[in-house]
Amino acid sequence: MIGPTGVVRVMVATKPVDFRKGAEGLAALVRETMRADPFDGAIYVFRAKRADRIKLVFWDGTGVCLFAKRLEDGEFRWPKIEDGVMRLSAAQFSALLEGLDWRRVRAAKETPAPTAPG
């Protein structure tokens, strides 16, 4: 994927937005409705009323980036529509972008390292 790499915070607006908005309009929504700084390095995720469309806005260090995706088949999985913001893990975010059910993604459990026989 083109865009942020490494560990990033992913914040999802749970209420649909006007998809005519571009990078500047979505950055304004980050400030006004999510009460966050669109230049803090996090990825902010927005959905359209139709659940087959998604937009991301994020700061890459040199400018505000806008990423849009429309699924050809199916819909993105979304939390209940209400005012609010939720955070996704990197694995959940990856599943969301692929059109998979991110709610089924769980953090991997750490297994203890085997000990050498004494």
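Quick caveat: nothing in here was measured; it's all calculated off a predicted structure.
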- CG (Leu97) and CD (Gln92) are apart, to the nearest 0.5 Å, by 12.0 Å
- Query: CD/Glu24 to CG/Leu66 distance, rounded to the nearest 0.5 angstrom?
  - Reply: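 Going from CD on Glu24 over to CG on Leu66, the span is 9.0 Å.
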Which pairs would a plain distance check flag for residues 31-43, meaning a side-chain donor or acceptor within less than 3.5 Å of a matching protein atom at least two apart in sequence or in another chain?
unit_1 : atom_1 : unit_2 : atom_2 : d
Thr33  : OG1    : Leu29  : O      : 2.7
Arg35  : NH1    : Glu32  : O      : 3.1
Asp37  : OD1    : Phe39  : N      : 2.9
Asp40  : OD1    : Ala42  : N      : 3.0
Asp40  : OD1    : Tyr44  : OH     : 3.1
Asp40  : OD2    : Arg9   : NH2    : 2.6
Asp40  : OD2    : Tyr44  : OH     : 2.9

Is [Y] close to [X] at the side-chain level, that is, under 4.5 Å between some pair of heavy atoms?
X      : Y     : answer
Val57  : Phe46 : yes
Leu96  : Val10 : no
Val85  : Met11 : yes
Phe76  : Leu71 : yes
Trp102 : Val12 : no

- Query: Is it the case that one hydrophobic cluster holds both Val17 and Met86, taking links as side-chain heavy atoms less than 4.5 Å apart, direct or via other members?
  - Reply: no
- Message: Is there a continuous path of hydrophobic side-chain contacts, each under 4.5 Å between heavy atoms, that joins Leu26 to Trp59?
- Response: yes
- Counting only N and O atoms by type, is there a donor-acceptor contact under 3.5 Å from the side chain of Lys55 to the main-chain atoms of Lys21?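 Side chain of Lys55 to backbone of Lys21, a donor-acceptor pair under 3.5 Å: yes, one is there.
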- Arg77 (side chain) donor-acceptor with Glu75 (main chain) under 3.5 angstrom: yes
- Message: Quick check: closest heavy atoms across Arg53 and Trp78, and the distance to 0.1 Å?
- Response: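 Looks like O-CZ2, 4.3 Å.
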- Smallest heavy-atom separation, Ala91 atom then Val105 atom, equals CB-CG1, 3.5 Å
- Begin with the C-alpha distance, continue with both residues' side-chain angles, and end with the deciding distance and a verdict on side-chain contact (heavy atoms from CB on, under 4.5 Å) for Val30 and Phe58. CA-CA 10 Å; Val30 169; Phe58 58 93; over 6 Å; no
- Can you list every pair that meets side chain to side chain donor-acceptor pair (under 3.5 Å) and has a residue in residues 62-73, with sequence neighbours left out?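 Every side chain to side chain donor-acceptor pair (under 3.5 Å) pair that includes a residue of residues 62-73, provided the two are not neighbours, is Asp60-Thr62, Arg70-Glu72.
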- Arg103 atom CZ: more than 12 heavy-atom contacts under 6.0 Å: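 More than 12 heavy atoms, drawn from other residues, nucleotides or ligands, come within 6.0 Å of this atom.
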- Taking the six-membered ring of Phe19, is NZ or CZ of Lys49 closer than 6.0 Å to its centre and within 45° of its axis? no
